[in-house]
Amino acid sequence: MKNKLKHLAIIMDGNGRWAKSRGLQRVKGHEKGAEVVRDITTFCANSDEIKTLTLYAFSTENWKRPKLEVDFLMKLLDRYLKNELEVYQKEGVKFDTIGNLEPFSKKLKDTIAKTKDATKNNSKLTQILALNYGAQDELLRAVNKACKNGNIITKKDLERYLDTPYSDIDLLIRTSGEKRLSNYLLWQIAYAELEFTDTLWPDFTPVELNKIIENFKKRERKFGGI
Ligand code: IPE
Ligand code: IPE
Ligand code: MG
(Lines give C-alpha, C1' and ligand atoms only; values in the text may rest on other atoms or scores of the structure.)
(Ligands and ions follow the chains in the order given, each with its own letter.)
Protein backbone atom coordinates (compact mmCIF):
# COMPACT_ATOMS: atom_id res chain seq x y z
CA MET A 1 0.00 0.00 0.00
CA LYS A 2 1.26 3.47 -0.86
CA ASN A 3 2.01 5.92 1.94
CA LYS A 4 -0.51 8.64 2.57
CA LEU A 5 0.77 12.20 2.80
CA LYS A 6 -1.42 14.17 5.18
CA HIS A 7 1.08 16.56 6.71
CA LEU A 8 3.98 18.01 4.75
CA ALA A 9 6.61 20.24 6.35
CA ILE A 10 9.22 22.26 4.46
CA ILE A 11 12.36 24.11 5.52
CA MET A 12 12.43 26.78 2.82
CA ASP A 13 16.16 27.50 2.58
CA GLY A 14 18.46 29.12 0.04
CA ASN A 15 16.85 32.50 -0.69
CA GLY A 16 20.04 34.42 0.07
CA ARG A 17 22.26 32.19 -2.07
CA TRP A 18 19.76 32.35 -4.94
CA ALA A 19 19.96 36.15 -4.92
CA LYS A 20 23.75 36.22 -4.51
CA SER A 21 24.27 33.90 -7.46
CA ARG A 22 22.40 36.45 -9.59
CA GLY A 23 24.30 39.43 -8.24
CA LEU A 24 21.17 40.58 -6.38
CA GLN A 25 20.63 41.61 -2.79
CA ARG A 26 19.53 38.86 -0.42
CA VAL A 27 16.10 40.42 0.00
CA LYS A 28 15.34 39.77 -3.68
CA GLY A 29 15.67 36.08 -2.88
CA HIS A 30 13.10 36.44 -0.12
CA GLU A 31 10.72 38.18 -2.53
CA LYS A 32 11.05 35.40 -5.08
CA GLY A 33 10.75 32.86 -2.26
CA ALA A 34 7.38 34.32 -1.27
CA GLU A 35 6.09 33.69 -4.80
CA VAL A 36 7.16 30.08 -4.51
CA VAL A 37 5.23 29.80 -1.23
CA ARG A 38 2.12 30.73 -3.20
CA ASP A 39 2.76 28.12 -5.94
CA ILE A 40 3.51 25.33 -3.48
CA THR A 41 0.52 26.20 -1.28
CA THR A 42 -1.81 26.19 -4.29
CA PHE A 43 -0.40 22.84 -5.39
CA CYS A 44 -0.99 21.37 -1.91
CA ALA A 45 -4.51 22.82 -1.69
CA ASN A 46 -5.34 21.03 -4.92
CA SER A 47 -4.02 17.69 -3.72
CA ASP A 48 -6.70 15.39 -2.29
CA GLU A 49 -4.37 13.96 0.33
CA ILE A 50 -2.42 16.84 1.83
CA LYS A 51 -4.35 18.47 4.65
CA THR A 52 -1.58 20.44 6.39
CA LEU A 53 1.47 22.29 5.06
CA THR A 54 3.86 23.64 7.69
CA LEU A 55 6.43 26.09 6.32
CA TYR A 56 9.49 27.38 8.20
CA ALA A 57 9.42 31.14 7.54
CA PHE A 58 11.36 32.66 10.47
CA SER A 59 13.26 30.85 13.21
CA THR A 60 14.02 31.92 16.78
CA GLU A 61 17.64 32.11 15.58
CA ASN A 62 16.92 34.34 12.56
CA TRP A 63 16.90 37.44 14.82
CA LYS A 64 20.70 37.17 14.60
CA ARG A 65 20.57 38.47 11.01
CA PRO A 66 21.27 42.15 10.20
CA LYS A 67 18.40 44.41 11.30
CA LEU A 68 17.80 45.52 7.72
CA GLU A 69 17.13 41.94 6.60
CA VAL A 70 14.94 41.17 9.63
CA ASP A 71 12.90 44.34 9.05
CA PHE A 72 12.51 43.46 5.39
CA LEU A 73 11.29 39.97 6.24
CA MET A 74 8.67 41.39 8.63
CA LYS A 75 7.41 43.83 5.99
CA LEU A 76 7.39 41.13 3.34
CA LEU A 77 5.32 38.89 5.59
CA ASP A 78 2.77 41.64 6.24
CA ARG A 79 2.52 42.39 2.53
CA TYR A 80 2.37 38.72 1.62
CA LEU A 81 -0.53 38.00 3.99
CA LYS A 82 -2.52 40.99 2.75
CA ASN A 83 -1.98 40.10 -0.93
CA GLU A 84 -2.57 36.44 -0.32
CA LEU A 85 -6.00 36.64 1.24
CA GLU A 86 -7.64 36.38 -2.17
CA VAL A 87 -5.65 33.23 -2.96
CA TYR A 88 -6.40 31.70 0.46
CA GLN A 89 -10.11 32.20 -0.15
CA LYS A 90 -10.04 31.02 -3.75
CA GLU A 91 -8.06 27.87 -2.96
CA GLY A 92 -9.83 27.08 0.34
CA VAL A 93 -6.74 27.58 2.52
CA LYS A 94 -6.99 28.13 6.27
CA PHE A 95 -4.06 30.15 7.60
CA ASP A 96 -2.46 29.40 10.96
CA THR A 97 0.88 29.94 12.70
CA ILE A 98 3.19 28.24 15.17
CA GLY A 99 5.89 30.00 17.17
CA ASN A 100 5.85 32.87 19.62
CA LEU A 101 4.29 35.92 17.97
CA GLU A 102 4.89 38.12 21.01
CA PRO A 103 7.95 40.05 19.70
CA PHE A 104 6.29 41.05 16.42
CA SER A 105 4.95 44.55 15.83
CA LYS A 106 1.31 45.29 16.60
CA LYS A 107 0.69 45.89 12.89
CA LEU A 108 2.02 42.47 11.91
CA LYS A 109 0.20 40.75 14.79
CA ASP A 110 -3.03 42.41 13.60
CA THR A 111 -2.52 41.26 10.02
CA ILE A 112 -1.82 37.72 11.24
CA ALA A 113 -4.93 37.69 13.45
CA LYS A 114 -7.13 39.11 10.67
CA THR A 115 -5.87 36.55 8.15
CA LYS A 116 -6.50 33.71 10.60
CA ASP A 117 -9.99 34.95 11.28
CA ALA A 118 -10.90 35.54 7.63
CA THR A 119 -9.78 32.05 6.59
CA LYS A 120 -10.88 30.02 9.62
CA ASN A 121 -13.69 28.22 7.79
CA ASN A 122 -11.60 27.15 4.79
CA SER A 123 -11.03 23.43 4.76
CA LYS A 124 -9.06 22.21 1.74
CA LEU A 125 -5.66 22.85 3.31
CA THR A 126 -4.24 24.40 6.46
CA GLN A 127 -1.13 26.41 5.73
CA ILE A 128 0.88 26.91 8.91
CA LEU A 129 3.70 29.43 8.88
CA ALA A 130 6.34 28.86 11.55
CA LEU A 131 7.10 32.41 12.73
CA ASN A 132 9.66 33.14 15.43
CA TYR A 133 9.54 29.39 15.78
CA GLY A 134 12.11 27.12 17.40
CA ALA A 135 11.32 23.57 18.47
CA GLN A 136 13.25 23.96 21.72
CA ASP A 137 11.33 27.13 22.53
CA GLU A 138 8.04 25.39 21.71
CA LEU A 139 8.91 22.40 23.90
CA LEU A 140 10.01 24.57 26.81
CA ARG A 141 6.83 26.64 26.66
CA ALA A 142 4.73 23.47 26.49
CA VAL A 143 6.53 21.75 29.38
CA ASN A 144 6.19 24.82 31.58
CA LYS A 145 2.45 24.98 30.91
CA ALA A 146 1.95 21.23 31.30
CA CYS A 147 3.77 20.91 34.64
CA LYS A 148 1.84 23.74 36.29
CA ASN A 149 -0.58 21.28 37.89
CA GLY A 150 2.34 19.35 39.40
CA ASN A 151 1.43 15.96 37.93
CA ILE A 152 3.55 13.63 35.84
CA ILE A 153 3.38 14.85 32.24
CA THR A 154 2.07 12.33 29.72
CA LYS A 155 2.63 12.40 25.95
CA LYS A 156 -0.95 13.55 25.55
CA ASP A 157 -0.48 16.39 28.05
CA LEU A 158 2.62 17.62 26.30
CA GLU A 159 1.03 17.46 22.85
CA ARG A 160 -1.92 19.46 24.07
CA TYR A 161 0.41 22.32 24.97
CA LEU A 162 2.55 22.25 21.83
CA ASP A 163 1.91 25.01 19.30
CA THR A 164 0.47 22.66 16.74
CA PRO A 165 -2.66 20.62 17.39
CA TYR A 166 -2.20 19.07 13.94
CA SER A 167 -1.16 15.51 13.10
CA ASP A 168 2.45 14.29 13.08
CA ILE A 169 4.52 15.08 10.04
CA ASP A 170 4.74 12.47 7.30
CA LEU A 171 7.36 14.11 5.10
CA LEU A 172 9.90 16.85 5.79
CA ILE A 173 11.71 18.50 2.88
CA ARG A 174 14.66 20.89 3.17
CA THR A 175 15.81 22.79 0.11
CA SER A 176 19.26 24.25 -0.66
CA GLY A 177 21.43 21.24 0.11
CA GLU A 178 21.85 21.82 3.87
CA LYS A 179 21.31 18.62 5.80
CA ARG A 180 20.23 19.80 9.20
CA LEU A 181 17.00 20.50 11.03
CA SER A 182 17.82 23.99 12.38
CA ASN A 183 15.52 23.64 15.39
CA TYR A 184 12.41 22.75 13.35
CA LEU A 185 9.58 20.61 14.73
CA LEU A 186 11.80 18.21 16.67
CA TRP A 187 8.88 16.48 18.40
CA GLN A 188 6.54 16.27 15.42
CA ILE A 189 9.09 14.77 13.01
CA ALA A 190 9.78 11.76 15.25
CA TYR A 191 8.76 9.41 12.40
CA ALA A 192 8.78 11.71 9.39
CA GLU A 193 10.46 10.67 6.17
CA LEU A 194 13.22 13.16 5.31
CA GLU A 195 14.14 14.53 1.91
CA PHE A 196 16.93 16.95 1.08
CA THR A 197 17.18 18.63 -2.29
CA ASP A 198 19.97 20.86 -3.60
CA THR A 199 17.43 23.14 -5.28
CA LEU A 200 17.38 26.61 -3.72
CA TRP A 201 13.92 27.57 -2.43
CA PRO A 202 13.26 30.28 -5.08
CA ASP A 203 13.85 27.62 -7.77
CA PHE A 204 11.65 24.97 -6.13
CA THR A 205 8.57 24.04 -8.18
CA PRO A 206 5.39 21.99 -7.84
CA VAL A 207 6.90 19.63 -10.45
CA GLU A 208 9.85 18.84 -8.15
CA LEU A 209 7.54 18.57 -5.15
CA ASN A 210 5.40 16.11 -7.06
CA LYS A 211 8.48 13.97 -7.82
CA ILE A 212 9.48 13.97 -4.15
CA ILE A 213 5.95 12.96 -3.16
CA GLU A 214 5.91 10.10 -5.69
CA ASN A 215 9.17 8.86 -4.19
CA PHE A 216 7.81 9.23 -0.62
CA LYS A 217 4.79 7.13 -1.53
CA LYS A 218 6.99 4.18 -2.46
CA ARG A 219 9.11 4.24 0.70
CA GLU A 220 8.57 1.63 3.37
CA ARG A 221 7.50 3.23 6.65
CA LYS A 222 7.94 0.76 9.46
CA PHE A 223 7.38 2.76 12.65
CA GLY A 224 9.56 0.30 14.53
CA GLY A 225 7.68 -2.74 13.29
CA ILE A 226 8.89 -5.28 10.73
C1 IPE B 1 15.66 30.93 3.95
O2 IPE B 1 16.66 31.40 3.11
C3 IPE B 1 14.73 32.03 4.39
C4 IPE B 1 14.84 32.42 5.79
C5 IPE B 1 15.59 31.83 6.68
C6 IPE B 1 14.04 33.54 6.22
P7 IPE B 1 18.02 32.00 3.69
O8 IPE B 1 17.85 33.47 3.89
O9 IPE B 1 18.47 31.25 4.88
O10 IPE B 1 19.01 31.76 2.47
P11 IPE B 1 20.53 31.29 2.55
O12 IPE B 1 20.55 30.03 3.36
O13 IPE B 1 21.28 32.40 3.19
O14 IPE B 1 20.89 31.05 1.12
C1 IPE C 1 16.18 27.70 8.75
O2 IPE C 1 17.05 28.25 7.80
C3 IPE C 1 15.09 28.67 9.07
C4 IPE C 1 14.15 28.97 7.99
C5 IPE C 1 14.13 28.39 6.80
C6 IPE C 1 13.16 29.96 8.29
P7 IPE C 1 18.39 29.00 8.23
O8 IPE C 1 19.06 29.39 6.96
O9 IPE C 1 18.10 30.06 9.21
O10 IPE C 1 19.19 27.83 8.97
P11 IPE C 1 20.74 27.67 9.26
O12 IPE C 1 21.20 28.92 9.95
O13 IPE C 1 21.42 27.49 7.94
O14 IPE C 1 20.82 26.44 10.09
MG1 MG D 1 19.62 29.61 5.13
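Every number for a ligand or one of its atoms is a count from 1 in the order of the listing. Everything quoted here is computed from the prediction, not taken from an experiment.
- Close approach to Ala57 involves these atoms of ligand 1, each under 4.0 Å from a residue heavy atom: 6 (C).
- The name of the N, O or S atom in Asp13 nearest to the Mg ion (ligand 3) is OD1.
- The closest protein non-hydrogen atom to atom 14 (O) of ligand 2 is Ser182 OG, 2.6 Å.
- Residue Trp18 places no N or O, backbone or side chain, under 3.5 Å from any N or O of ligand 1.
- When all heavy atoms of Asp96 and Lys116 are compared, the closest pair comes out as OD1-CE, 3.6 Å.
- For ligand 1 and Asn62, the ligand atoms under 4.0 Å from any heavy atom of the residue are 5 (C).
- Every atom of ligand 2 is numbered from 1 in the order shown, and the set under 4.0 Å from a heavy atom of Arg174 is 2 (O), 10 (O), 11 (P), 13 (O), 14 (O).
- The existence of a salt bridge linking Arg79 and Glu31 is confirmed by a sub-4.0 Å separation between a basic side-chain nitrogen and an acidic carboxylate oxygen.
- The protein atom (non-hydrogen) at minimum distance from atom 10 (O) of ligand 1 is Gly16 N, 2.9 Å.
- Note on ligand 1: Gly14 sits in its first shell, one or more heavy atoms being nearer than 4.0 Å.
- A donor-acceptor contact closer than 3.5 angstrom is absent between the side chains of Glu138 and Trp187.
- Checked against Glu195 for a side chain to side chain contact (heavy atoms under 4.5 Å, CB included), the options Asn215, Thr175, Leu209, Ile213 give a single hit: Asn215.
- Looking only at protein heavy atoms, the nearest one to atom 5 (C) of ligand 2 is Met12 O, 3.4 Å.
- Under 4.0 Å from ligand 1, not a single heavy atom of Glu61 appears.
- Within 6.0 Å of NZ on Lys28 lie no more than 12 heavy atoms contributed by other residues, nucleotides or ligands.
- Proximity of Tyr184 to ligand 2, defined as any heavy-atom pair under 4.0 Å, is not found for any part of the residue.
- Considering both main-chain and side-chain atoms, Tyr56 never comes within under 3.5 Å of ligand 2 through any nitrogen or oxygen pair.
- Using a 4.0 Å heavy-atom cutoff, Arg65 is listed among the residues neighbouring ligand 2.
- Nearest residue to atom 13 (O) of ligand 2 from Arg17, Arg180, Glu178 is Arg180 (criterion: closest heavy atom).
- Atom numbering of ligand 2 starts at 1 in the shown order; those under 4.0 Å from a heavy atom of Phe58 are 6 (C).
- Heavy atoms of Lys20 found under 4.0 angstrom from ligand 1: none, in either backbone or side chain.
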